[in-house]
Amino acid sequence: MNASNTQIQMRKGLLEFCILHIISRGEVYASDMLEELTEAKMIVAEGTLYPLLQRLKNASLVSYKWVESESGPPRKYYLITEEGRDFLNTLNETWESLVSSTQMITSKQ
């Protein structure tokens, strides 16, 4: 069994949760999200982010708006919707439960 594959799957499972958290802080440009996710070692390929953002938009969890740029074409900024906030709150509850359960199991010797 390859630990690397398991690590990748664990990150993928948390990626949507992390992206919603980033967007929930306020309007955000995709390249800024990518930078934060890369810095946190949550994402390794730019091609992973854009399809996920499209799925979140199609699910009405995020929206976007175009903002004129002083140095080039307009930029697409993402925002979380009310439905997205509710979804994120549910994911937060699940995350807290999973962390607690995992710590309970992994702390035993």
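Remark: the backbone N or O of Pro74 is not paired with any side-chain donor or acceptor of Ser69 at under 3.5 angstrom. Between the Arg11 side chain and the Lys41 main chain, a donor and an acceptor come within less than 3.5 Å of each other. In this structure, Ser101 contributes its side chain and Ser97 its backbone to a donor-acceptor pair below 3.5 Å.
Taken to the nearest 0.5 Å, the CG atom of Leu61 stands 12.0 Å off from the CD atom of Glu82. Atom-to-atom distance recorded for Met33:CE and Leu52:CG is 9.5 Å, nearest 0.5 angstrom. Here the CD1 atom belonging to Ile19 is positioned 6.5 Å from the CD1 atom belonging to Ile23, to the nearest 0.5 angstrom.
Met42 is connected to Phe17 through a chain of hydrophobic side-chain contacts under 4.5 Å among Ile, Leu, Val, Met, Phe, Trp and Tyr, so both are in one cluster. Linking Ile, Leu, Val, Met, Phe, Trp and Tyr residues whenever their side-chain heavy atoms come within less than 4.5 Å leaves Met10 and Trp95 in two separate clusters. Residue Leu49 is grouped with residue Leu15 when hydrophobic side chains (ILVMFWY) are merged at heavy-atom distances under 4.5 angstrom, including chains of intermediate members.
If you check the side chains of Glu96 and Asn92, you find no donor sitting under 3.5 Å from an acceptor.
Screening residues 14-32 for salt bridge (charged side-chain N to carboxylate O under 4.0 Å, His left out) gives Arg25-Glu36, Glu27-Lys65 as the qualifying pairs, with residues at least two apart or on separate chains. Listed by first and then second residue, the salt bridge (charged side-chain N to carboxylate O under 4.0 Å, His left out) pairs that reach into residues 68-79 come to none, sequence neighbours excluded.
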